[in-house]
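Counting starts at 1 for both ligands and their atoms, following the listed order. Here the structure is a predicted model, which is why all the values come from computation and not from measurement.
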Amino acid sequence: MNDTTPDIITSAGNAEVKRLRSLHERKFRRQTGWFLAEGMRICTEAVALGWRMHRLAYLASRSNDSQVGALLQALSRDGGRALPVTESLLARVSRKDNPQMVLGAFEQRWRGADEVVPDPTRCWVALDRVRDPGNLGTIMRTADATGARGVILIGDCTDPYSVEAVRASMGAVFNVELAHMSEAEFLAFSAGWPGRIVGTALPASVDYREADYSGPLILLMGNEQAGLTDALMTACSQLVRMPMLGRSDSLNLAVASGLALYEVLRR
Ligand code: SAM
């Protein structure tokens with residue numbers, strides 16, 4: 001330990017600990033523009049990708065760990081604050097019994113509609129009112145895995161920066177671009193889109209393996225309960241379906257997104 005080493009925080013009443021814990025709530029994520037990401041690999045990758053880290057809570061007993069040291073260096077470059085804590089406090093902040101060694105608070109990034117640029121080789125995934133954070137995190141992970149450029153959230157969606165969505169994304173949240181539009185904004189935006197918009201919907205007659213995914217592409221997926229709105233279906237250049245051979249009437253949204261994204265990759 002040297003003079004610049006911060007004191008170990010042991011109290012749950014500490015203002016910084018309370019601030020990190022508040023990031024479990026959307027209201028405080030909105031207010032601060034921050035979000036939580038857990039784990040050494042994910043925090044290290046986020047920093048390498050240039051994401052701004054505001055706080056790093058870490059196990060005080062691991063202060064001399066070289067990976068923690070590298071994160072602390074990045075934190076100090078960003079003007080952030082180091083928070084050495086006990087394991088029980090780390091568990092309280094992450095709300096997990098077996099917390100990871102580190103937990104970072106990062107600055108959220110949102111793209112405006114003008115930054116959702118057509119890219120002939122990397123598609124965008126648009127999600128109509130996605131509600132389940134596990135689905136959204138899984139879709140971000142699959143979008144990342146298949147080289148998609150980003151995810152457009154349409155209407156009232158779950159927060160991609162919630163702890164649950166970030167966890168389910170396994171770090172992919174740091175490697176896909178995120179934009180949000182109301183349905184009206186997306187409809188206006190889609191009218192000027194120079195490429196295809198392929199929607200997945202149960203009423204479609206075209207098999208998703210037969211569709212044309214060439215050129216700048218938006219792959220449009222519907223809400224878990226209601227599917228795509230009529231207006232969004234109308235905005236599509238093509239609607240496709242995945243065969244349903246058994247008694248289930250539909251696939252889970254994240255599974256359907258995964259199938260479609262891997263089909264896009266084959267183009
Ligand atoms: N009851 C909803 C409906 O009528 O569309 C089911 C929604 S489904 C759980 C969620 C989304 O996953 C759908 O809106 C669609 O985008 C996609 N999806 C799921 N199964 C599909 C299938 N067999 N064919 C095409 N899209 C499918």
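Note on residues 86-108: pairs passing ring pair (Phe, Tyr, Trp, His ring centres under 6.0 Å), not counting sequence neighbours, are Phe106-Phe174. Sorted by first and then second residue, the salt bridge (charged side-chain N to carboxylate O under 4.0 Å, His left out) pairs involving residues 193-202 (not counting sequence neighbours) are Arg196-Asp212.
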Which N/O atoms of ligand 1 sit under 3.5 Å from a protein N/O, and at what distances?
unit_1   : atom_1 : unit_2 : atom_2 : d
ligand 1 : 1 (N)  : Gln225 : O      : 3.1
ligand 1 : 14 (O) : Gly222 : N      : 3.4
ligand 1 : 16 (O) : Thr200 : O      : 2.9
ligand 1 : 16 (O) : Thr200 : OG1    : 2.6
ligand 1 : 16 (O) : Gly222 : N      : 2.9
ligand 1 : 20 (N) : Leu251 : N      : 2.9
ligand 1 : 23 (N) : Met242 : O      : 2.9
ligand 1 : 24 (N) : Met242 : N      : 2.9

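The existence of a salt bridge linking Asp78 and Arg52 is excluded, since no basic side-chain nitrogen approaches an acidic carboxylate oxygen closer than 4.0 Å.
Geometric assessment of Arg109 against the ring of Trp51 yields a positive cation-pi assignment under the 6.0 Å and 45° thresholds.
No donor-acceptor contact under 3.5 angstrom links the side chains of Asn223 and Asp128, judged on distance only.
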List the atom pairs, donor and acceptor, that lie under 3.5 Å between side-chain atoms in residues 110-118 and the rest of the protein, sequence neighbours left out.
unit_1 : atom_1 : unit_2 : atom_2 : d
Trp110 : NE1    : Gln108 : OE1    : 3.0
Arg111 : NE     : Glu177 : OE1    : 3.4
Glu115 : OE1    : Gly112 : N      : 2.7

